Amino acid sequence: MTDKNPAARRNLIALIYTFIFVVIGLYFAFSGGGHYNYESQAKLNDWIQLRIWIILSLFMGIIIYYSTLRRNAKLWSWILTLSFYFVIFYALLYKGTDYGLNGHWGDNGNRLALVTKFREFSSIFQDWYFKGLPSFYPPLWLFLSGKLAWLFGVEGYKTIKLGYFVIYALYPPALFLVWSKIAPKRIAFAVAFLTVFFRDIHLDYVYYEHITAAFFIPWWLYFVEDIKCKKSKGFKWYFLGAFLGALIFLTYYYWFLIGLMSIVVRALVRLVVGEKTYLKTPSIKHKTVLLSGVGLLSTIYWLPLLLSILRYGADSMQNKWFNPVYLNANVPFFEFSLISLVLLAALIYLGARFRHKINSNFGVLLLSMVALLLIERGLNLNEISIQTRKLRELLPVFLGVPSGYCFVLLYGIINRRFTRWRGVLLLVTAVSIFYLAGNHATITGHSMYKIAVNSRVPANDIAVFESIDCRGKVFLTNRYLEAVYLPYFMFVCPNGATAHTAARYHQRITFLRYLGKLEDPARVAFLLKRNCFNEVDYFYLPGDDTRDVAYYDMYPLYFPGRNIKLRLEFPFATTIQSKYFTGRHARGIYEVQLPDESVVDIFGTKERPADLAAALKEYNHLRLCAGFLQGAYRDSLKPFLDDVASMVEDSVDLASLCEFDRKLALADFQVAADASGLHRLRVIFLAEKRVLKDYRIFIHAYPEDTALLDPGDRRKRFKNLGFAPDPATSQWIAGEYRFFERDIELKAGKYKFHLGFFDKDEIRLPGTYWSGYLLIDSGGFKK
């Protein structure tokens with residue numbers, strides 16, 4: 001018996017299988033549950049179901065192909081299947097945990113701390129750690145996560161996992177819809193499918209980078225480059241383009257660097273090859289209007305950030321986050337894999353069909369990436385990075401565009417000219433998709449995935465903060481993990497890479513180093529409460545009972561990406577044992593109380609220093625203290641500071657004589673002999689920034705007449721007067737003058753001196769000081 005209506009039969013099979021497919025998917029997603037570990041049998045069952053789901057999804061795609069749906073309906077069916085495949089895939093992947101990749105550690109800790117604050121506070125101007133500063137990170141995704149968590153009563157730390165479902169439910173169809181405005185639907189489908197299906201760990205960990213890169217490309221081509229050549233562009237068109245661009249910018253702005261660079265690169269290419277038709281582009285006026293609109297609609301993010309930078313300065317750690325591995329030029333198609341072959345084919349296609357309008361526009365974007373890479377290398381020489389590693393890491397997203405075009409072209413050629421190979425092409429496509437889907441599951445072996453599955457809420461640690469009113473309060477603490485769950489702020493965060501651009505991060509470190517050296521508890525408490533950064537409400541740091549100090553291990557960031565540990569110490573006597581610190585929890589939380597005394601009573605100098613060394617010490621103390629206090633209190637100390645400053649200025653001119661490596665400066669250098677013939681050397685340094693190493697000081701005395709040297713020094717032609725400073729240079733506080741006066745042995749005569757810093761690794765810091773010939777007489781030191 002023959003089937004008289006095979007089309008109806010295929011559709012019936014498709015309908016039945018779709019129902020089974022959806023039911024099994026929902027069962028896989030919602031069955032079981034609870035919390036279980038990476039090594040558990042329940043997690044192994046999830047992985048088994050994961051492999052079954054991959055096969056079922058592949059069959060769903062094949063059944064759609066053999067159905068009698070029209071082409072556009074098939075494309076939409078495939079893209080929705082892709083979304084559903086990933087939603088169930090991630091439900092199985094992260095079943096047994098409430099966390100996303102890497103749990104609450106690393107960058108996720110920062111993001112979740114900001115989500116928690118957006119959830120708890122109404123203001124959109126929040127930094128993840130510092131009170132009173134707006135977000136320096138594009139906040140849109142995190143803001144929406146926080147507000148949706150508040151709306152649905154979900155804890156903030158769960159939003160990354162829940163965000164996966166939102167992303168995969170909406171990302172593929174939205175990308176398909178966007179590309180349908182630019183290209184034929186079959187190409188739009190291929191681009192959307194390959195962009196999402198080629199996903200790697202970036203779509204799990206830095207999802208907003210992946211998503212914004214994918215949407216930036218069609219936005220830039222459609223609105224900025226106007227590849228549809230719209231003749232009439234009214235206000236609505238410009239507003240829509242600016243609004244959509246602002247949404248991308250507010251989520252992750254990095255790709256706009258490529259767009260802006262492409263304007264310059266296009267002009268240079270046209271200068272070299274001439275006015276080619278395929279290089280035509282809308283006027284600068286058009287681009288200026290559109291990009292200005294993007295800037296205007298995104299002011300809610302960048303204007304508060306700009307104002308904070310203008311007020312406090314830019315001390316960004318982000319441009320220090322650079323490792324030597326970022327110098328590698330490896331790109332995906334240099335590695336042998338199926339994805340590499342597809343991306344390489346895409347690049348070949350792009351070069352072969354460069355004169356096609358969309359290819360030429362897209363090619364200019366890729367050339368702009370190379371230009372940015374060259375700029376980055378120049379900036380690296382000045383210890384600055386603009387993170388062009390993101391261009392390399394997200395290159396598969398950008399090459400997903402020509403990959404889609406290339407695939408549709410090859411499919412069309414085979415379908416029209418080599419019909420016998422059509423079945424082979426379909427088989428190869430199915431096998432490739434199955435292979436790549438299997439690669440999706442390899443994330444289960446990644447260390448950050450294991451962390452995600454095994455992460456749990458640190459309930460005991462959170463309970464310590466919940467025992468007091470921590471909401472919106474500022475803590476001097478190294479406990480940053482609890483900020484994922486509770487909306488408190490930190491006076492300074494442990495890791496420099498997470499510091500706000502306008503946080504005055506290194507100034508805060510200098511302040512805390514200064515605070516740890518004070519011997520008066522009232523001064524410590526007053527500075528904690530009335531400093532110019534943030535009023536500290538609570539002190540919560542571990543203690544070293546063997547040395548009677550509380551300590552804070554910090555990791556300020558230095559180029560190239562070196563996180564050198566800096567331990568800040570605070571004596572018990574001036575902190576937790578003083579009457580200004582009130583214990584609030586047995587684990588060591590202390591509430592800081594403001595002293596009753598006035599700033600003048602606490603910091604004012606009552607006696608004039610006896611000599612230059614004492615005067616310079618007091619000058620350091622008052623100068624640093626005044627810089628750390630709020631304006632009104634700083635003004636109260638000004639008369640005392642002026643008095644001490646006048647005494648110092650009567651004795652020595654502190655104008656810089658020489659700078660060493662942009663960290664250390666020579667403020668004064670003199671050699672003299674007194675009436676008894678005793679020779680004295682006096683040198684004053686200024687630590688302009690924190691010094692990372694313990695340097696020795698070399699001072700070489702070159703006499704005009706070498707006969708003045710001892711026989712052992714005549715071959716060298718100088719006498720070495722160097723010494724190791726005490727305290728060591730790594731203990732010097734930024735902004736502090738260091739005074740050294742030493743007895744030396746020199747025979748009377750004229751000498752010139754060579755001075756600088758050195759250590760065993762760098763040998764000598766750049767920028768040494770040479771004096772002219774100085775006559776050592778009995779006149780003593782001179783100003």
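Values in this document were obtained by computation on a predicted structure and should not be read as measured data.
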Quiz item: Under the ring-ring contact (aromatic ring centres under 6.0 Å, His included) test, which residues partner Phe193, sequence neighbours left out?
Solution: Phe189, Phe197
Self-check item: Non-neighbouring partners of His35 that pass side-chain contact (heavy atoms from CB on, under 4.5 Å), sequence neighbours left out
Solution: Asp98, Arg456
Self-check item: Pair Trp53 and Phe21, ring centroids less than 6.0 Å apart
Solution: yes
Self-check item: Minimum heavy-atom distance Leu58-Ala430, with the two atoms named
Solution: CD1-O, 3.8 Å
Quiz item: Which pairs count as ring pair (Phe, Tyr, Trp, His ring centres under 6.0 Å) when at least one residue sits in residues 344-370, sequence neighbours excluded?
Solution: Tyr278-Phe354
Run the side-chain donor-acceptor check on residues 213-223: report pairs under 3.5 Å with partners two or more places apart or on a different chain.
| from | atom 1 | to | atom 2 | distance (Å) |
| --- | --- | --- | --- | --- |
| Trp219 | NE1 | Gly241 | O | 2.8 |
| Trp220 | NE1 | Glu225 | OE2 | 3.1 |

Quiz item: How are the rings of Phe249 and Tyr253 set relative to one another: parallel (under 30°), tilted (30 to 60°) or perpendicular (over 60°)?
Solution: tilted
Quiz prompt | Over 12 foreign heavy atoms within 6.0 Å of CZ, Arg355 | solution = no
Quiz item: In terms of the angle between their ring planes, are Phe243 and Phe239 parallel, tilted or perpendicular, with boundaries placed at 30° and 60°?
Solution: parallel
Self-check item: Arg111 charged N/C atom sitting above Tyr99 aromatic ring, 6.0 Å / 45°
Solution: no
Quiz item: Would a 4.5 Å heavy-atom cut-off, applied to side chains only, mark Tyr90 and Ile167 as touching?
Solution: no
Quiz item: Relative to each other, are the rings of His286 and Trp237 parallel, tilted or perpendicular (30° and 60° limits)?
Solution: tilted
Quiz item: Would you call the rings of Tyr252 and Tyr208 parallel, tilted or perpendicular, where under 30° means parallel and over 60° means perpendicular?
Solution: tilted
Practice problem: Would you mind reporting whether Leu350 and Leu366 have side-chain heavy atoms less than 4.5 Å apart? | Solution: yes
Quiz item: How close do His210 and Arg199 get, heavy atom to heavy atom, and via which atoms?
Solution: NE2-CA, 4.3 Å
Exercise. Find the distance between CG (Leu26) and CD1 (Ile88) and round it off to the nearest 0.5 Å.
Key: 5.5 Å
Quiz item: Is it true that the side chains of Arg266 and Asn361 contain a donor and an acceptor less than 3.5 Å apart?
Solution: yes
Quiz item: Are the ring centres of Tyr207 and Tyr171 closer than 6.0 Å?
Solution: no
Exercise. Mark yes when over 12 heavy atoms from residues, nucleotides or ligands other than Lys233 sit less than 6.0 Å from its NZ; otherwise mark no.
Key: yes
Sequence neighbours left out, cut at 3.5 Å: what donor-acceptor pairs do the side chains of residues 139-156 make with other protein atoms?
| from | atom 1 | to | atom 2 | distance (Å) |
| --- | --- | --- | --- | --- |
| Ser145 | OG | Trp141 | O | 2.8 |
| Lys147 | NZ | Phe118 | O | 2.7 |
| Lys147 | NZ | Phe121 | O | 2.8 |

Practice problem: Answer yes if the side chains of Tyr85 and His440 hold a donor-acceptor pair under 3.5 Å, and no otherwise. | Solution: yes
Exercise. Mind running side-chain contact (heavy atoms from CB on, under 4.5 Å) on Thr116 and Tyr157 for me, showing each step along the way?
Key: CA-CA 7 Å; Thr116 296; Tyr157 72 92; over 6 Å; no
Quiz item: Which distance, rounded to the nearest 0.5 Å, do you find between the CG of Leu93 and the CG of Asp204?
Solution: 7.5 Å
Quiz prompt | Residues that Thr429 engages under side-chain hydrogen bond (donor to acceptor under 3.5 Å, both in side chains), provided they are two or more places apart | solution = none
Practice problem: Could you tell me whether the side chains of Asn45 and Gln49 share a donor-acceptor contact shorter than 3.5 Å? | Solution: no
Quiz item: Would you say the side chains of Thr281 and Lys287 form a donor-acceptor pair under 3.5 Å?
Solution: yes
Quiz item: Can you tell me if OH on Tyr36 sees more than 12 non-hydrogen neighbours from other groups inside 6.0 Å?
Solution: yes
Practice problem: Can you measure from OG1 (Thr212) to CH2 (Trp255) and round to the nearest 0.5 angstrom? | Solution: 6.0 Å
Quiz item: What is the minimum heavy-atom distance between Tyr205 and Asp107, and which atoms define it?
Solution: OH-N, 3.0 Å
Practice problem: Evaluate whether atom CG of Leu257 has more than 12 neighbouring non-hydrogen atoms of other residues, nucleotides or ligands under 6.0 angstrom away. | Solution: yes
